[in-house]
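None of these values were measured; they are calculated from a predicted model. Every chain is numbered from 1 and lettered A, B, ... according to where its sequence line falls, protein lines coming before strand lines.
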2 protein chains.
Amino acid sequence: MTSCLPVTRGDDYALPVPKQPRSGTDAAPSLQLSVDRTSPVPLYFQLAQQLETAIEQGILTPGRLLGNEIELAGRLGLSRPTVRQAIQSLVDKGLLVRRRGVGTQVVHSHVRRPLELSSLYDDLAAAGQRPATVVLHLTTEAASPAVAAALGVVEGVEVQRIGRVRYAHGEPMALLTNHLPAGLLDCRTAELEATGLYRMMRAAGISLHSARQAIGARPATAAEAELLSEGPGGPVLTMERTTFDATGRAVEFGSHVYRASRYTFEFQLLVRP
Amino acid sequence: MTSCLPVTRGDDYALPVPKQPRSGTDAAPSLQLSVDRTSPVPLYFQLAQQLETAIEQGILTPGRLLGNEIELAGRLGLSRPTVRQAIQSLVDKGLLVRRRGVGTQVVHSHVRRPLELSSLYDDLAAAGQRPATVVLHLTTEAASPAVAAALGVVEGVEVQRIGRVRYAHGEPMALLTNHLPAGLLDCRTAELEATGLYRMMRAAGISLHSARQAIGARPATAAEAELLSEGPGGPVLTMERTTFDATGRAVEFGSHVYRASRYTFEFQLLVRP
DNA sequence: GTCAAGGCTTTGTCCTGACAACATGACTTC
DNA sequence: GAAGTCATGTTGTCAGGACAAAGCCTTGAC
């Protein structure tokens, strides 16, 4: 267990005016950072997590300069590449900004999390809206041309089809239709109604890697309006998504319809330099 | 200029069956990679670009294994960290997948580009749809509560307001309303009608860093329907976006309305592990 | 007073070397 | 024949050092 004390370093005892650390934004972090070398968790990851929580908790305030990398490495007993790797991971997340000749700075608020492959179930649960699900149908059928193209399978091959209504606070929010390659996931109605599809897939060892999405809008059909308790012809948000695993095989094709009056897609995104 | 020849390495002259490189997916890349040490372009970046174009052009086919990092470094006269940095940048883009003990593999098709901070103008131009713009108004006004909150300024402060109609192939596509902090950008109608707002901002040295977006839908108002040549009450897609620069200051707040019958948001996204 | 030159600080890039963790296939043993 | 074990190959992690490039501030000259 390597630890490090707060306050500044040892170059503050000589000069009367000890040469402020340059930038107007105060530096000299008074945080306690430490790494545990006996832990199997990588050192750079330990450091990154501690910095991230410090930012989240407001201990590292926006605009604040981190100490320079060399000094930080020395304080923690790490090498500079390790510290750089930790910082880089937070830069990739958009929490820090580096400027050569200046230092590394905490980004000025606002930025929270970049866009992730979100699941409606988790989003609702995180927002405290008690999600609930009713399975409308759960069948296997021959892949239509559109489904076959999305999943990258031959037309007419057997695929699993899941139809659900998702509720929040007892109100219908969305109509979810999903197609999965046959045999990929052992779906049962009880499970589908208790949790989200992505959770089930992850639990089954399917690693979600990337997805292709299209978001649009159109008037609701009569059947959709009925199921969503919406006026006929009212606008609905549509989202089509094909999800791929790490090897690039499509593992899911979803075609979802949301009540426009109750739902919007919100996300954050970063510009890569 | 360090260069490297195609074909395999020198361990193929002894054994009758030269011990295939393990995996079923063929390895032994026959690509020509080279780095120019006199160039100011970083070595890792040169390598990353060459690998990326090789993947885009299909020279590196999906599922194919890259040679291992040590050998690749040796062939190019680079060190392993440099090669790793190049590979890592492509992993971050979703083009490659690493698996410990196995190797680095080209991702299996589909994946193209992750979501970027896209500009409608550039998107249309890239799709070959000749975008055109008409400026409706270009004024400065006192910030409304909503605008002030989005831009992080005090209510009532002067802000610039831009209203535009964006056309594609002569058809109206979207109504764009943007608010900018006063004095940030010298906007002129001629420029606004010739290019996109983001291009102007980048050209003015404003670095776009991150953005917060919300996408929804609603019925069009009478005025919107008129401007968009859409039936009254027809569904429109709405997008609100606040863009931040590297220091976290809001540089733009946009409130856009798209014809749902003509436009959908399409994007790719990655899951970070 | 203004502008240019130089020095300092900090991150960016790159190298060398080493060991650990994991996946895979072949071998051995039961 | 099946299961466990070992060897091998690959990426993951980490150290320590060196120089380059860029930003910022101070100093100096005009």
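Distance from the side chain of B:Arg100 is smallest for D:dT10 among the nucleotides C:dT10, D:dA15, D:dT10. Taking the side chain of A:Ser79 as heavy atoms from C-beta on, and the options C:dT24, C:dG12, D:dA15, the nearest nucleotide is D:dA15. Comparing D:dG23, D:dT10, D:dT13 against the side chain of B:Arg84 picks out D:dT13 as the nearest. Comparing atom distances between the B:Arg37 side chain and each of D:dT11, C:dG12, C:dC14 picks out C:dC14 as nearest. Ranking C:dT13, D:dT13, C:dG12 by closeness to the A:Glu69 side chain, first place goes to C:dG12. The side chain of A:Val102 sits closest to D:dG23 out of D:dG23, C:dT11, D:dT13. Closest to the side chain of A:Pro42, out of D:dG12, D:dC14, C:dC15, is D:dC14. Comparing C:dC22, D:dA15, C:dT16 against the side chain of B:Pro81 picks out C:dT16 as the nearest. Listed nucleotides D:dT13, C:dT24, C:dT13 differ in distance to B:Arg99; the shortest reach to its side chain belongs to C:dT24.
With A:Tyr198 contributing its side chain and A:Leu120 its backbone, the two residues share no donor-acceptor pair below 3.5 Å.
The distance between atom CG of A:Leu43 and atom C1' of D:dG12, rounded to the nearest whole Å, is 12 Å. Following rounding to the nearest Å, A:Gln105 (CD) and D:dG23 (P) show an atom-to-atom distance of 14 Å. In this structure, A:Gln88 places its CD atom 13 Å from C1' of C:dT13, rounding to the nearest Å. We find that CG of A:Asn68 is positioned 14 Å from C1' of C:dG12, with the value rounded to whole Å. Nucleotide D:dT11 holds its C1' atom 13 Å from the CG atom of B:Leu72, rounded to whole Å. Going from atom CG of A:Leu96 over to atom P of C:dT10 covers 17 Å, rounded to whole Å. Computed from coordinates, the B:Leu65 CG to D:dG9 P distance equals 15 Å when rounded to whole Å. One interatomic measurement links the two molecules: CZ of B:Phe45 to C1' of C:dT13, which rounds to 14 Å at whole-angstrom precision.
Look at B:Tyr44 and you won't find any side-chain N or O under 4.0 angstrom from OP1 or OP2 of C:dC14. In terms of phosphate contacts, A:Thr82 brings no side-chain nitrogen or oxygen within less than 4.0 Å of OP1 or OP2 of D:dT13.
Inter-residue side-chain proximity for B:Leu192 and B:Leu197 is flagged as met; some heavy-atom pair is nearer than 4.5 Å.
In this structure, a donor-acceptor pair under 3.5 Å is absent between the side chains of B:Gln88 and B:Tyr44. Under the 3.5 Å distance criterion, with hydrogens and angles disregarded, no donor-acceptor pair is assigned to the side chains of B:Gln46 and B:Asp36.
For the pairing with B:Gln105, the side chain to side chain donor-acceptor pair (under 3.5 Å) check across B:Arg64, B:Arg99, B:Arg98 returns one residue only, B:Arg99.
Two residues, B:Ile70 and A:Arg80, neighbour DNA chain D, and the one matched to the more 5' nucleotide by heavy-atom proximity is B:Ile70.
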